[in-house]
Asks: 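Dropping the structure in here first, questions after.
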2 protein chains.
Amino acid sequence: MNRSNHRPRLYPLVSVDIALFGSDEQGLKVLLARRAREPAVSQWALPGGVLRPLEDAQLVDAARRVLRDKLAVSVPQIEQIRVFSGADRDPRGWSIAVLFAALVPREQVNAVVKTQVQAVEWFSLQELPPMAFDHAEQLSAALTKLRTRVESYVLPLHLMPERFTLTDLQRTCEAILGRTLDKSVFRRRLKGSTDIIELDEYQGGAQRPARFYRAREGFDFTG
Amino acid sequence: MNRSNHRPRLYPLVSVDIALFGSDEQGLKVLLARRAREPAVSQWALPGGVLRPLEDAQLVDAARRVLRDKLAVSVPQIEQIRVFSGADRDPRGWSIAVLFAALVPREQVNAVVKTQVQAVEWFSLQELPPMAFDHAEQLSAALTKLRTRVESYVLPLHLMPERFTLTDLQRTCEAILGRTLDKSVFRRRLKGSTDIIELDEYQGGAQRPARFYRAREGFDFTG
DNA sequence: GCAATAGTGTCTTTGAGACAGTATTGA
DNA sequence: TCAATACTGTCTCAAAGACACTATTGC
């Protein structure tokens, strides 16, 4: 390690990690990146980066910068989950990792992978690889928060494409929660919601057409 | 500022702040300290301190150290609330403040004040003074989380004395939520709870004696 | 007896859950 | 017509809310 990169022991390493969730026909997925550098080189990890106080106005801006520069993706909302800290979680020494979570709509899921220089990959929650540092615990914390939201019927609209059917939405919620939901109950609760807007467009197919909906402008999942 | 205290611009100032809640007959209170040093000297602020990586194994240990050294109080549980960050929130430059919250039982409320060298004081939520930095926002974030917990019937047992009556407990919950609760509903929900233990002791007075309860050993408010 | 507080019973309303039923398309 | 999926209706049950009622003490 050369001298200019040397970090005094009195200052912790501050970085941000991002649990980026997407969804496709197979269900909920999370984006992992294969680490290109030491430490933990070539291991899978949540995408992240070191804070740059001269560039980032806030920690969340560091998260946005990582998403933009490393993954070429922009998300409407980023949520702070929690902080992980300590002398042992990173071999470089005392460190702080602030975990953020975000949801990307289906259209952008493929964009992320393609524009990438590093090796990044979407993983099903059922088939997660071993992960570097404490990232397994981090992912678990992000998932718990996501599930708690959906459980209390905050809709994961940022995972949905621009237009979607109620069945699509239900499948997504089911993928997040890991259990099936009753169609009638699901729709009954949605009746009172102002977060989704009924469109006069219908999805074709070999059966009864389903009505399309869209998210209300300015919908806030992180609320 | 002397050279040995100089912090390179590339490393943010990392500190912990603590929202310490207590309760008495007048309701819920929060502990504020009058700042003894620049910046914001003599302004009211949440108690806090700068991280010491050589002493603190984790951020939460920094919070514990502040409670112990500055306030001479020990609490069973400390909960991480969220992180506040940015170049402008503290005049010393780019900073990170990790906010923690804790509840102290009634017996310790006076202990905190008395053993104190600094000026510290319990404030009612209705009579909060202007606060330094972004501490008003921090307190608001901690309160929101506390209320959400109590709303979903996680009992604030760490605020209660060793023995308490159900009416005491209800008053405390009401003080936190800022609204009255129905006695019958409150007690009905408590029937199913394993978190409080019925005692065979009763509170005297000029009316029907009330049964005492105590918290279950190992009860976890932060869940 | 009365005042004061502790504690219970009960009616109504709300919403979750389960599940059967109807509706609309293409083939 | 049938298969397939969209959508609705309805019954049951559990819990919330409101509020009246009974219980036990000191005076």
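Atoms considered below: every heavy atom in the structure, side chains included; atoms not considered: hydrogens, waters and symmetry mates.
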Asks: Start with the C-alpha gap between A/D56 and A/R65, add the side-chain angles, then the distance that decides, and say whether salt bridge (Lys or Arg N to Asp or Glu O under 4.0 Å) holds.
Replies: CA-CA 8 Å; A/D56 308 319; A/R65 173 172 54 75; 2.8 Å; yes

Asks: Among B/V30, B/L31, B/L46, B/V66, find the residue that satisfies the side-chain contact (heavy atoms from CB on, under 4.5 Å) test when tested with B/I18.
Replies: B/V66

Asks: Taking any atom under 4.0 angstrom from a heavy atom of chain A, which nucleotides of DNA chain D are the first and last to qualify, 5' to 3'?
Replies: D/dA4 to D/dT10

Asks: So, A/R35 and A/S42: side-chain donor and acceptor under 3.5 Å apart, yes or no?
Replies: no

Asks: Measure NZ/B/K191 against P/C/dG7 and give the value in whole Å, please.
Replies: 9 Å

Asks: For DNA chain C, find the residues of residues 195-204 of chain A with a heavy-atom distance under 4.0 Å and give them by number; none if there aren't any.
Replies: none

Asks: Counting only heavy atoms from other residues, nucleotides and ligands, does the tally under 6.0 Å from CG of B/D182 exceed 12?
Replies: yes

Asks: Spell out protein contact along nucleotides 17-27 of chain C as letters: B when the base is contacted, S when just the sugar-phosphate is, - when no protein heavy atom is under 4.0 Å; keep the 5' to 3' order.
Replies: BBB---BBBS-

Asks: Between CD of A/E174 and CG of A/L169, what distance do you get to the nearest 0.5 Å?
Replies: 10.0 Å

Asks: Would you call A/E151 and A/R179 a salt bridge, taking side-chain N to carboxylate O under 4.0 Å as the test?
Replies: yes

Asks: Do A/H158 and A/F21 have ring centres separated by under 6.0 Å?
Replies: no

Asks: Judged by atom type as modelled, is there a donor-acceptor pair below 3.5 Å linking the side chain of B/E162 to the main-chain atoms of B/P105?
Replies: no

Asks: Side-chain N or O of A/R189 versus OP1/OP2 of C/dA16: is the shortest distance under 4.0 Å?
Replies: yes

Asks: Is the number of heavy atoms from other residues, nucleotides or ligands within 6.0 Å of CG (A/D88) greater than 12?
Replies: no

Asks: Looking only at side chains, do B/R211 and B/T165 share a donor and an acceptor under 3.5 Å apart?
Replies: no

